[in-house]
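As structure tokens, the structure follows; a few thoughts come after it.
Throughout, residue positions are numbered sequentially from 1 according to the sequence presented.
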Amino acid sequence: MDSVHLRFAVLLATTLCSFTLSAQHRILSQISTPPSAAPSSPPPVFSVLSYGAVGDGVADDTQSFKMAWDAACQADNPAVILVPRHYTFMIQSAIFSGPCRNGLTFQIDGSMLAPEGPDSWPKNNSKRQWLVFYRIDGMSMQGSGLIDGRGQKWWDLPCKPHRGVNGTALPGPCDSPVALRFFWSSNLIVKGMKIKNSPQFHFRFDSCHHVHIDSLYIKAPSSSPNTDGIHVENTNNVNIYNSVIANGDDCVSIGAGTFNVDIRNITCGPGHGISIGSLGPRNTRACVTNITVRDSVIKHSDNGVRIKTWQGGYGAVSQVSYSNIVMESVRNPIMIDQYYCSSKSCANQTAAVYISGVSYSGIKGTYDVRSPAMHLACSDAVPCTNLTVTDVELLPAQGQRMVDPYCWNAYGDVADFTIPPLFCLIQGNPLTLPATDLDRC
């Protein structure tokens with residue numbers, strides 16, 4: 001074969017080989033490419049308007065809300081209950097029950113109003129709660145709307161503490177509704193909502209698990225009685241983040257049976273601060289553990305971070321951490337009060353909730369000199385132990401007079417110098433401790 005034919009044969013073989021490889025590559029590529037995923041369908045939306053709601057702020061839209069809830073609760077897929085914007089819905093007391101077939105989103109973009117005062121409340125309905133969510137597993141409540149409890153006429157009842165002479169209460173009916181109560185529920189998200197003027201607590205979580213609260217705005221007048229922002233009781237694994245709360249009682253209150261609570265980036269006040277308690281009323285048992293409050297601001301409040309227990313109770317509070325908190329003109333920035341009494345006529349009792357393992361770190365700002373910056377009043381019979389204080393600087397909001405801290409039967413350690421100096425904290429541990437119920441909590 002001459003050189004011309006040889007070169008032609010080589011070129012032809014190379015071309016055929018390249019063509020074969022290219023074809024094989026195309027076939028393999030077509031085989032290995034996965035099929036494109038089908039576009040996911042949006043969740044079904046159950047608007048309360050579709051079930052007859054009027055949304056003029058006067059008509060009773062309760063049944064429309066309940067029908068929308070029932071339909072969404074039984075949907076085959078996760079569903080949205082929509083309270084649309086530009087409408088105002090008046091809702092009577094109602095219970096929204098589960099369990100539901102799938103997760104729910106309660107999207108509140110419009111406004112929701114409670115009946116206006118006790119005289120407008122249906123006689124057969126409980127006056128202790130307005131909107132109740134019961135046995136729900138997996139719900140997100142969110143939206144840009146407003147929930148208005150219209151609490152003024154409830155606050156003006158003669159029985160309320162501020163109505164009588166010198167802050168006393170007068171006889172008469174006193175039940176007032178919690179605005180939103182979650183009971184026996186789990187895997188809850190409450191975020192981005194505005195709520196104001198609840199007759200009593202704004203949010204209450206009882207016997208719930210895995211609760212995430214984020215970016216709430218809660219507001220009521222500083223004179224409104226018992227209007228706690230968020231109350232948790234017998235509830236665990238709770239996050240409360242990035243919220244603004246101003247009211248007439250505790251911004252956040254933590255009741256008995258609660259553990260694993262993380263509170264972060266809260267602006268609190270005016271109000272009564274962030275409280276554990278009150279615990280142990282009527283000689284009851286209370287157990288609270290693993291509570292963290294951090295990176296927050298408390299301003300113009302009667303209290304800052306407070307633990308309050310009744311004489312005669314039992315149980316324990318342990319593993320509590322307060323850190324990086326700014327106080328602005330707060331009357332009792334750091335407080336343990338084991339002599340809490342709402343009636344001013346409580347008998348002295350020896351039993352008490354045992355408080356141990358509480359740390360205060362990076363708490364700075366100003367305090368109202370009508371009370372000490374630090375008030376650690378522990379039980380006569382059951383001392384507080386393992387209190388640790390570090391990097392605390394609290395100065396008078398007005399004037400130069402520094403009030404000495406107050407301690408009673410409080411043991412622990414001051415890691416560095418505090419302002420004002422905390423000389424009254426007894427270093428170390430007591431020689432003996434009474435038998436406690438810590439091991440049963």
Side-chain angles (χ1 to χ4, degrees), residues 43 45-48 51 53 61-75 78-83 89-115 122 125-143 145-149 176-196 198-216 218 228-240 243 252-253 255 257-258:
V45 176
F46 297 83
S47 171
V48 296
Y51 293 87
D61 289 322
T62 310
Q63 289 306 312
S64 299
F65 272 69
K66 294 183 80 171
M67 287 191 291
W69 172 272
D70 291 341
C73 187
Q74 296 305 315
V80 177
I81 301 164
L82 176 62
V83 181
F89 302 93
M90 198 281 289
I91 311 295
Q92 301 283 359
S93 176
I95 299 176
F96 300 95
S97 296
C100 296
R101 297 182 67 177
N102 286 284
L104 294 178
T105 298
F106 206 124
Q107 185 73 31
I108 303 173
D109 291 329
S111 296
M112 297 170 61
L113 300 180
N125 289 9
S126 170
K127 290 185 178 179
R128 295 189 175 184
Q129 52 206 17
W130 176 29
L131 303 177
V132 179
F133 296 86
Y134 175 63
R135 294 183 64 85
I136 310 301
D137 182 16
M139 184 178 79
S140 177
M141 179 178 283
Q142 60 191 41
L146 172 69
I147 297 176
D148 186 351
S176 300
V178 173
L180 282 86
R181 185 184 184 193
F182 297 84
F183 187 56
W184 280 102
S185 295
S186 58
N187 299 306
L188 303 173
I189 297 174
V190 182
K191 64 180 181 180
M193 293 173 51
K194 300 181 182 69
I195 180 170
K196 69 176 184 178
S198 176
Q200 206 195 50
F201 298 172
H202 287 78
F203 285 93
R204 178 170 179 141
F205 296 85
D206 288 285
S207 301
C208 295
H209 313 281
H210 300 287
V211 178
H212 184 87
I213 299 169
D214 201 332
S215 304
L216 298 189
I218 301 173
D228 296 46
I230 301 167
H231 178 79
V232 294
E233 189 151 339
N234 293 310
T235 292
N236 60 72
N237 299 303
V238 180
N239 299 328
I240 304 174
S243 296
V252 179
S253 54
T258 299

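Note that CG of Asn234 and CZ of Phe183 are 9.0 Å apart. Values are rounded to the nearest 0.5 Å. Distance CZ/Phe203 to CD1/Ile147: 5.5 Å, rounded to 0.5 Å. Atoms CG and CD, on Asn102 and Gln74 in that order, are 10.0 Å from each other to the nearest 0.5 Å. Note that NE2 of His209 and CG of Asn237 are 9.0 Å apart. Values are rounded to the nearest 0.5 Å. Within the model, atoms CZ of Phe65 and CD1 of Ile81 stand 9.5 Å from one another, a figure rounded to the nearest 0.5 Å. If you take NZ on Lys127 and CD on Gln200, they are separated by 14.0 Å, rounding to the nearest 0.5 Å.
Across all non-hydrogen atoms, the minimal contact from Pro122 to Gln92 is CD-OE1, 3.0 Å. Here the shortest heavy-atom pairing between Cys208 and Phe182 reads SG-O, 3.4 Å. Considering every non-hydrogen atom in both Cys73 and Pro99, the closest pair reads SG-O, 3.8 Å. Across all their heavy atoms, His202 and Gly229 have their closest contact at CB-O, 3.4 Å. Nearest heavy-atom pair across Ala53 and Ser64 is N-OG, 3.0 Å. The minimum heavy-atom distance between Ser93 and Ser126, with the atom names listed, is OG-O, 4.1 Å.
Every residue two or more places apart in sequence or in another chain that forms a side chain to side chain donor-acceptor pair (under 3.5 Å) with Asp228 is listed here: Ser253. When the salt bridge (Lys or Arg N to Asp or Glu O under 4.0 Å) test is applied to Asp206, the partners found at least two apart in sequence or on another chain are Arg181, Arg204. Under the salt bridge (Lys or Arg N to Asp or Glu O under 4.0 Å) criterion, Arg101 pairs with Asp76, sequence neighbours left out.
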Donor-acceptor contacts, no H, no angles, side chain residues 131-139, under 3.5 Å, sequence neighbours left out:
unit_1 : atom_1 : unit_2 : atom_2 : d
Asp137 : OD1    : Ser186 : OG     : 3.0
Asp137 : OD1    : Asn187 : ND2    : 2.7

Listing, residues 105-112 side-chain donor-acceptor contacts under 3.5 Å, not counting sequence neighbours, or none:
unit_1 : atom_1 : unit_2 : atom_2 : d
Gln107 : OE1    : Gln142 : NE2    : 2.8
Gln107 : NE2    : Asp109 : OD1    : 3.1
Asp109 : OD1    : Ser144 : N      : 3.2
Asp109 : OD1    : Ser144 : OG     : 3.3

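Here the side chains of Val211 and Val232 are not in contact, with every heavy-atom distance at 4.5 Å or above. For the pair Val48/Asp61, no side-chain contact is recorded, criterion being any heavy-atom separation below 4.5 Å from C-beta on. No side-chain heavy atom of Val238 sits less than 4.5 Å from a side-chain heavy atom of Phe205.
A distance-only check finds no donor-acceptor pair linking the side chain of Ser176 to the backbone of Pro199 [under 3.5 Å]. In terms of modelled atom types and a separation under 3.5 Å, the side chain of Ser243 and the main chain of Leu216 share a donor-acceptor contact. Looking at Thr235, its side chain never comes within 3.5 Å of a backbone N or O of Thr258 through a donor-acceptor pair. Counting only distance, with no hydrogens or angles, the side chain of Trp130 and the backbone of Ile91 share a donor-acceptor pair below 3.5 Å.
The salt bridge (charged side-chain N to carboxylate O under 4.0 Å, His left out) contacts involving residues 64-73 comprise nothing, where partners must be two or more places apart or lie in separate chains.
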